[in-house]
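This report concerns only the one structure given below.
Just so it is clear, the model here is predicted, and its values are computed rather than measured.
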Amino acid sequence: MRASLEAAAVASGHEEWGRGGPHDAGEYKQMPDDTGFFRREGTWSTEYGHFFLEWYSGMLLEHGDRVMDAAEAVFGGTGATLSAKVAGIHWHYRTRSHAAELTAGYYNTRGRDGYAPIARMLAKRGAVLNFTCMEMKDEQQPQHASCSPELLVQQVKAATSAAGVQLAGENALERYDDAAFSQVVSTARGAGLAAFTYLRMNKTLFDGDNWGRFVSFVRAMADGGARPALPRCDTGHSDLYVGFVDAAKERKAAEAKGAATTAAL
């Protein structure tokens, strides 16, 4: 990495830029405005900042392309669909610098779309872009962190649409409530998701009313966002489960009737 940075600095005509990373980026957990690099008009917006972030994000893109190349070598011709997971880093999204995204290598700021290059890279490979935080709402996030998962998802949706790449999604947190499910359904309907991965299917999913809500959610996703009413007989809010019980009852009744007939003969 250091050698690559030095070479990029020499090519840019600023050899001194290749001696290390930003000196004013602050420390872990420091707020962006408390640093020289990430504050409103910080170093990130200077010529040096553009150079460093272009190089840093470029390394991530090159790595992703190499990984996709290796995946194609293994799965090419098998009919498998390749997808690449892109992290949903929504903290500080409403700030100018988008410090959290920049730190992770996503060169996305208020004036620069950092997801378009990723989408174009995946388009060359015919891969799906898999994005997270589909269940999150802005109002649920800590105000001091200037989060916006909703705007972030909208931006990624626009980037994939422009690049002609399919978008898939998943939830970021372990959620079993209607609010989270409704947000996913709404996002899926608006983004035309190619697939959705639900995290996490564990014992909690079957506790209390969680399973009934999940069944309704799956049906809504399958029906393109509609939420059909459950049958009145479904007191557990899960006609899949009730249907199983009803079938079992009918089977037992038929067996009992058959046994009675045999005994009479």
Side-chain angles (χ1 to χ4, degrees), residues 1-65 84-122 129 131-134 136-163 167 172 187:
M1 292 286 284
R2 181 63 63 83
S4 172
L5 177 60
E6 291 175 353
V10 170
S12 72
H14 292 276
E15 184 177 353
E16 69 278 10
W17 289 352
R19 296 170 185 163
H23 67 281
D24 56 352
E27 300 177 356
Y28 182 62
K29 284 193 174 181
Q30 204 166 4
M31 295 299 287
D33 286 341
D34 295 332
T35 72
F37 192 87
F38 297 113
R39 65 189 180 191
R40 181 177 176 84
E41 300 294 343
T43 310
W44 67 272
S45 61
T46 65
E47 184 183 359
Y48 165 75
H50 177 70
F51 158 79
F52 180 81
L53 293 168
E54 278 279 5
W55 168 80
Y56 189 35
S57 62
M59 293 294 286
L60 182 67
L61 284 167
E62 291 175 12
H63 170 69
D65 195 50
K85 171 70 175 292
V86 177
I89 305 174
H90 54 82
W91 279 57
H92 308 303
Y93 186 90
R94 291 185 180 274
T95 65
R96 290 172 59 85
S97 67
H98 293 222
E101 290 164 280
L102 297 188
T103 303
Y106 298 101
Y107 190 3
N108 189 58
T109 66
R110 187 169 294 181
R112 186 184 189 279
D113 187 351
Y115 298 96
I118 298 174
R120 289 194 294 268
M121 181 269 288
L122 295 177
L129 192 155
F131 201 67
T132 185
C133 65
M134 294 284 173
M136 291 184 171
K137 292 185 177 181
D138 291 359
E139 63 191 36
Q140 299 168 340
Q141 311 309 313
Q143 294 299 310
H144 73 277
S146 301
C147 300
S148 185
E150 293 181 76
L151 290 178
L152 177 56
V153 169
Q154 290 178 22
Q155 181 182 355
V156 172
K157 172 193 170 186
T160 55
S161 178
L167 177 64
T187 301

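- Sorted by first and then second residue, the ring-ring contact (aromatic ring centres under 6.0 Å, His included) pairs involving residues 84-104 (not counting sequence neighbours) are Tyr93-His98.
- One distance of note links CE of Met121 with CG of Leu129; it measures 8.5 Å at 0.5 Å rounding.
- Within the 4.5 Å cutoff, no side-chain heavy atoms of Ser97 are placed close to those of Thr109.
- For the residue pair Ala119 and Ala159, the shortest heavy atom distance occurs at CB-O, 3.7 Å.
- Across all their heavy atoms, Thr35 and Ala25 have their closest contact at CG2-O, 3.6 Å.
- The two atoms that bring Ser12 and Trp17 nearest to each other are OG-CE3, 4.0 Å, heavy atoms only.
- The two residues Met59 and Met1 make their nearest non-hydrogen contact at CE-SD, 3.2 Å.
- In this structure, the side chains of Phe51 and Leu5 come closer than 4.5 Å at one or more pairs of heavy atoms.
- Here OG1 of Thr187 is found 9.5 Å from NZ of Lys137. Values are rounded to the nearest 0.5 Å.
- With Thr103 contributing its side chain and Ala99 its backbone, the two residues share a donor-acceptor pair below 3.5 Å.
- Trp55 pairs by the side-chain hydrogen bond (donor to acceptor under 3.5 Å, both in side chains) definition with Ser4, not counting sequence neighbours.
- The residue from Asp24, Asp33, Asp34 that alone fulfils the side-chain contact (heavy atoms from CB on, under 4.5 Å) condition with Arg39 is Asp33.
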- request: Apply the test side chain to side chain contact (heavy atoms under 4.5 Å, CB included) to residues Glu6 and Glu15: give CA-CA distance (whole Å), side-chain angles for both, the deciding distance (0.1 Å), then the verdict.
  value: CA-CA 7 Å; Glu6 291 175 353; Glu15 184 177 353; over 6 Å; no

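- Residue pairs meeting the salt bridge (Lys or Arg N to Asp or Glu O under 4.0 Å) criterion with at least one member in residues 94-114, sequence neighbours excluded: Glu41-Arg96, Glu54-Arg112, Arg94-Asp138.
- Classified by interplanar angle (parallel below 30°, tilted 30° to 60°, perpendicular above 60°), the ring pair His50/Tyr107 is tilted.
- Heavy atoms of other residues, nucleotides or ligands lying less than 6.0 angstrom from CD of Gln140 number more than 12.
- Here the shortest heavy-atom pairing between Leu122 and Ala84 reads CD2-CB, 3.6 Å.
- For CD of Glu16, the number of neighbouring non-hydrogen atoms (other residues, nucleotides, ligands) closer than 6.0 Å is greater than 12.
- Across all non-hydrogen atoms, the minimal contact from Asn108 to Gly114 is OD1-N, 2.9 Å.
- Ile89 contributes atom CD1, which lies 8.5 Å from atom CG of Leu152 (distance to the nearest 0.5 angstrom).
- By the 6.0 Å contact criterion, NE2 on His63 is open, its count of non-hydrogen atoms from other residues, nucleotides or ligands being 12 or less.
- The OH atom of Tyr106 sits 14.5 Å away from the CG atom of Leu53 when rounded to the nearest 0.5 Å.
- Although no hydrogens or angles enter the test, the distance criterion places no donor-acceptor pair under 3.5 Å between the side chain of Tyr56 and the main chain of Leu102.
- With rounding to the nearest 0.5 Å, the separation of SG in Cys147 from CD in Glu139 is 13.0 Å.
- Between atom CD of residue Gln141 and atom CD of residue Glu150 there is a gap of 9.0 Å, rounded to the nearest 0.5 Å.
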